[in-house]
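Note sheet for the following structure.
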Protein chains: 2
Amino acid sequence: MITIDTLSPRLLDARYAVRGPIVNRAQQLEERGRTVIYCNIGNPQALQQRPLTYLRQLLSLVEYPELLRRAETERLYPADIVRRARTILAQHPPGTGAYSQSPGLPFVRQAVADFITKRDGIPADKGHIILTDGASKGVQAVITALLRSPADGFMIPIPQYPLYSASLTLYGGARIGYFLDEDHGWQLDESILTRSIQDAKKRGINPRGVVVINPGNPTGAVLSAENIGMIIRFAKTHGLAIIADEVYQENIYDQHLPFWSFAKIMAETGERDVTLFSLHSVSKGFLGECGHRGGYVEFRNIPDDVLAQFVKLQSISLCANLVGQLATYMMVAPPQQGEESYAGYISEKEAILHDLKAKAEILGNGINGIKGMSVTVPHGAMYAFVRFELPGGKDVAHMRAAEREAYEEERDSAYCLALLEETGICVVPGSGFGQKPGTFHFRTTFLPPRAEIEGLVAKLKTFHERYTHDMSVA
Amino acid sequence: MITIDTLSPRLLDARYAVRGPIVNRAQQLEERGRTVIYCNIGNPQALQQRPLTYLRQLLSLVEYPELLRRAETERLYPADIVRRARTILAQHPPGTGAYSQSPGLPFVRQAVADFITKRDGIPADKGHIILTDGASKGVQAVITALLRSPADGFMIPIPQYPLYSASLTLYGGARIGYFLDEDHGWQLDESILTRSIQDAKKRGINPRGVVVINPGNPTGAVLSAENIGMIIRFAKTHGLAIIADEVYQENIYDQHLPFWSFAKIMAETGERDVTLFSLHSVSKGFLGECGHRGGYVEFRNIPDDVLAQFVKLQSISLCANLVGQLATYMMVAPPQQGEESYAGYISEKEAILHDLKAKAEILGNGINGIKGMSVTVPHGAMYAFVRFELPGGKDVAHMRAAEREAYEEERDSAYCLALLEETGICVVPGSGFGQKPGTFHFRTTFLPPRAEIEGLVAKLKTFHERYTHDMSVA
């Protein structure tokens with residue numbers, strides 16, 4: 001029989017906090033009848049966000065093309081959606097039922113290229129786009145392709161989205177953490193990056209790429225054009241590829257903060273040497289279609305033979321799921337002004353983004369009103385990375401780094417577990433993302449329905465006061 | 001810039017012939033206006049097989065639940081499908097839009113367990129089932145989890161489905177080939193298995209598992225209960241896990257050959273020690289829903305802590321796509337007698353299977369009528385592994401194994417490329433699957449429309465005669 005001591009040590013070591021032990025405990029409690037508020041994961045439709053009508057209408061027609069031959073369909077669907085479904089099936093007669101070419105349906109990849117051109121005012125090539133089962137699979141492909149040995153590594157932010165640390169552990173690469181600057185809205189700092197890479201090289205690690213998440217997960221920060229320009233120059237200096245995780249590009253709640261893509265800044269600065277992998281997904285934004293597992297990677301500054309290896313890698317799993325490919329198509333090519341669905345699309349889109357903005361502010365400002373808690377009110381993404389203070393504890397000054405890390409992880413995990421048991425609120429401990437030694441955080445989404453967010457803040461306050469009080473007198 | 005010499009050597013070495021250079025050439029020809037008959041891949045709906053109506057009706061309702069509130073829906077959909085859609089959305093209100101639990105929707109996993117119980121008359125546990133994006137992802141998970149170092153390996157058949165060789169190369173494990181017995185309908189032979197494992201151990205390889213594809217890809221063979229019993233005893237003797245690739249379990253065209261699952265034979269023989277991973281998929285059978293990327297792995301004889309590691313692995317990619325999960329649900333829980341959709345379901349199912357059987361026979365018998373070609377007429381799956389003779393060639397008796405392999409690969413690849421250029425028929429060279437030294441094969445599907453199969457045989461005949469004649473006189 002296969003026993004645990006004969007499994008891959010890389011698998012055993014891999015950790016993915018977003019679905020870790022606290023979430024397992026939450027599921028247990030729920031099975032016993034407790035109400036759990038899942039703030040652990042960016043899964044909007046699990047928390048009552050409604051899907052966009054035009055997207056679902058289109059998918060329902062494409063799944064069952066017989067509807068296109070029925071008179072009732074005209075009454076059930078807007079004319080532009082019916083036309084669009086016919087066009088899709090004309091371009092790809094097997095619809096959702098057949099494997100596509102490995103990198104994905106050509107007309108969808110063309111639509112992605114057009115979307116990038118329209119968004120950034122720069123040329124884009126459908127031959128440089130691969131459709132993936134969500135952005136996660138794109139990230140895993142890049143890591144798989146670029147790691148030659150355990151001495152190769154990627155720079156990843158602290159705090160980071162644990163997909164990166166988990167994938168590096170699983171595929172056998174080194175993690176080169178760089179701290180984000182909490183005191184400056186979680187932007188990247190060149191001196192911190194430089195110190196981090198120098199330190200890694202001293203340890204014998206070969207840095208292959210730098211991961212940047214913009215807007216940030218878990219920080220909710222939106223990077224400035226200057227900051228992105230600095231990162232590109234840094235990557236060039238050190239011969240790094242850039243993995244730009246841009247899945248939250250539509251989730252920006254401050255009109256003064258535009259989304260700057262790495263592709264655009266590269267094009268504007270004429271950068272032709274730094275390889276860029278940029279990732280997008282249907283799971284986030286205002287679509288929130290997590291279950292459909294759609295997304296893409298765009299490649300820039302990459303030789304054809306390298307690109308061919310990525311296509312081959314994709315071919316081993318045949319292709320991304322076709323419904324996800326079509327959801328990606330609808331994301332990048334929504335209804336246009338003059339089409340029947342346009343007004344409804346715009347109104348649903350704005351309602352969702354408006355709601356997310358309001359919830360980010362209610363949550364952020366609410367938390368900043370709790371003594372011993374603070375947070376950068378999120379300008380983007382779906383998360384707040386909340387700092388909290390814990391009184392007492394051992395003297396950590398003389399601990400070794402690993403010992404201290406384990407001790408602090410024990411403390412923030414205990415806090416989050418107690419929060420869950422007492423209030424039903426499920427958040428993820430900061431140690432799952434990484435945090436500065438001596439600081440404690442948790443990540444929460446601001447996705448629960450608006451009416452629940454104020455209650456959530458109140459519960460957090462009561463819990464935090466009780467927990468830290470008990471700790472002080474213990 | 002990332003250059004090819006800095007990519008993972010494992011990725012560079014990985015080969016996946018089913019979508020390799022000959023298929024790339026076919027796509028080129030097609031773009032230039034040539035008609036290509038894609039016999040390289042089991043992709044039924046790309047070759048005009050129609051999807052099952054009940055499955056697509058259900059997916060179209062679940063994608064757009066608003067339909068359930070419209071009066072027209074009663075006229076467009078059978079009542080049982082409407083009821084089923086309501087039940088699904090009641091059990092899982094976010095429908096297709098949200099991530100599920102990592103191993104998949106609980107009610108779907110329960111339905112899979114019930115399906116296994118009904119199929120085999122044995123108990124099955126939903127806790128031992130993980131839903132995957134097609135069977136390929138399940139295979140990759142097992143290989144990822146069980147490989148500890150490059151000295152670990154898996155026994156895989158020759159000929160094999162190249163997913164196995166590609167995944168082993170990519171994840172860094174050794175390939176331990178064992179020949180299937182072409183003279184005995186491609187069954188497994190214990191003495192060949194024993195020789196193969198002894199030989200591997202002498203080379204310092206640690207065998208972790210044995211892969212068995214039943215019904216066979218590319219062979220089309222259906223294994224007997226005795227053969228499966230032998231494999232289980234062999235696995236037990238050598239401490240191997242079994243990876244049972246059973247995705248073609250519905251594709252059996254001889255009523256005297258039942259499908260025996262490894263799970264059933266294990267249960268009947270009281271085997272409690274050999275770990276079993278059995279794989280199924282919505283891509284094959286009579287569904288042919290390749291584009292939906294649905295499937296599952298069932299685990300038997302596995303400790304809970306090992307299972308938990310597989311769930312964690314799945315969680316790093318969040319979960320399988322929800323539409324694929326629902327397609328899997330419909331595969332294992334089709335309409336029942338007495339329900340409105342039942343008659344239509346049975347008639348579509350039988351028409352597809354009847355057609356596949358007829359095409360297997362037309363193709364197999366036709367090929368056996370060509371001088372210099374022979375094939376075991378497929379009893380199962382979707383493929384024929386056709387043996388053909390090539391006159392002339394170098395004296396290979398004194399070549400080293402690797403040299404001979406490269407030379408023979410050159411010859412069968414040249415043959416398949418010439419076939420493509422001359423006739424538009426796209427098949428995969430036998431070297432992509434593995435074959436006995438000194439023999440040549442290609443794999444073709446029998447999926448093209450029935451009316452085209454006879455023409456295909458005629459084209460093969462003309463081509464083969466011309467090609468071998470030219471070669472003889474050259």
Side-chain angles (χ1 to χ4, degrees), chain A residues 1-4 7-9 11-12 14 16 19 43 45-46 51 56-57 59-60 63-64 67 70 72 75-76 94 96-99 102 133 136-137 144-148 163 166-167 170 241 273 275 288-293 301-303 305-306 309 312-313 315-318 321-324, chain B residues 1-4 7-9 11-12 14 16 19 43 45-46 51 56-57 59-60 63-64 67 70 72 75-76 94 96-99 102 133 136-137 144-148 163 166-167 170 241 273 275 288-293 301-303 305-306 309 312-313 315-318 321-324:
Chain A
M1 198 179 309
I2 298 293
T3 53
I4 193 139
L7 290 187
S8 155
L11 174 60
L12 295 176
Y16 186 64
R19 294 204 153 187
N43 196 9
Q45 293 191 33
R56 297 305 196 86
Q57 286 179 328
L59 294 181
S60 77
E63 284 290 19
Y64 184 40
L67 290 176
R70 301 290 295 263
E72 291 89 345
R75 292 196 296 277
L76 290 170
T96 56
Y99 300 127
S102 309
D133 286 303
S136 305
K137 292 290 175 200
T144 299
L146 264 57
L147 289 179
R148 295 160 303 184
L163 165 68
S167 301
L170 197 59
D273 195 39
T275 298
E289 288 287 359
C290 300
H292 281 98
R293 314 307 298 116
N301 300 330
I302 193 162
D305 54 359
V306 174
Q309 293 293 323
K312 182 180 77 179
L313 178 57
S315 82
I316 298 175
S317 303
L318 296 151
N321 85 83
L322 269 281
V323 186
Chain B
M1 198 179 311
I2 297 293
T3 53
I4 192 139
L7 290 188
S8 155
L11 174 60
L12 296 175
Y16 186 66
R19 296 204 152 187
N43 196 9
Q45 294 191 32
R56 295 305 196 86
Q57 286 179 328
L59 294 180
S60 76
E63 284 290 20
Y64 184 39
L67 290 176
R70 301 292 293 263
E72 291 90 342
R75 293 197 295 280
L76 291 169
T96 56
Y99 300 126
S102 309
D133 286 303
S136 304
K137 290 292 175 199
T144 299
L146 265 58
L147 289 179
R148 294 161 302 185
L163 164 68
S167 301
L170 197 59
D273 195 40
T275 299
E289 289 286 359
C290 300
H292 280 98
R293 315 306 298 115
N301 300 330
I302 193 161
D305 53 0
V306 174
Q309 292 293 322
K312 181 180 76 179
L313 178 57
S315 80
I316 298 174
S317 303
L318 296 151
N321 85 84
L322 269 280
V323 186

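Sequence lines set the chain letters: A, B, ... in the order given, protein chains first and strands last, and positions in each chain run from 1.
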Q. What residue in B:Ser102, B:Pro9, B:Pro51, B:Gly288 has the most heavy-atom pairs under 4.5 Å with chain A?
A. B:Ser102

Q: Under the ring pair (Phe, Tyr, Trp, His ring centres under 6.0 Å) rule, collect the residues that match up with A:Tyr64, sequence neighbours excluded.
A: B:Tyr77

Q.
If we define contacts as heavy-atom pairs under 4.5 Å, which of A:Leu147, A:Thr3, A:Leu318 has the most with chain B?
A. A:Leu318

Q: Flag the pair A:Ser167 / B:Ile316 as yes when at least one side-chain heavy-atom distance between them is below 4.5 Å, and no otherwise.
A: yes

**Q.** Partner chain A: residue of B:Ile302, B:Asn301, B:Leu76, B:Leu146 with the largest heavy-atom pair count (under 4.5 Å)
**A.** B:Leu76

Q) Who among B:Ala166, B:Pro303, B:Gly324 has the most heavy-atom pairs with chain A under 4.5 Å? A) B:Pro303

Q) Would you call B:Glu289 and B:Arg56 a salt bridge, taking side-chain N to carboxylate O under 4.0 Å as the test? A) yes

Q) So which of B:Asp133, B:Leu313, B:Leu163 has the biggest tally of heavy-atom pairs under 4.5 Å with chain A? A) B:Leu313

Q | Interface residue of largest heavy-atom contact number with chain A, from B:Met1, B:Arg148, B:Gln45, under 4.5 Å | A | B:Met1

Q: For chain A, find which of B:Arg293, B:Arg70, B:Lys137 contributes the most heavy-atom pairs closer than 4.5 angstrom.
A: B:Arg293

Q: Work out which heavy atom in B:Glu63 is nearest to a heavy atom in B:Val323; give both atom names and the distance.
A: OE2-CG2, 3.4 Å

Q) Taking atom CG of A:Asn321 and atom CG of B:Leu322, what is their separation to the nearest 0.5 Å? A) 10.0 Å

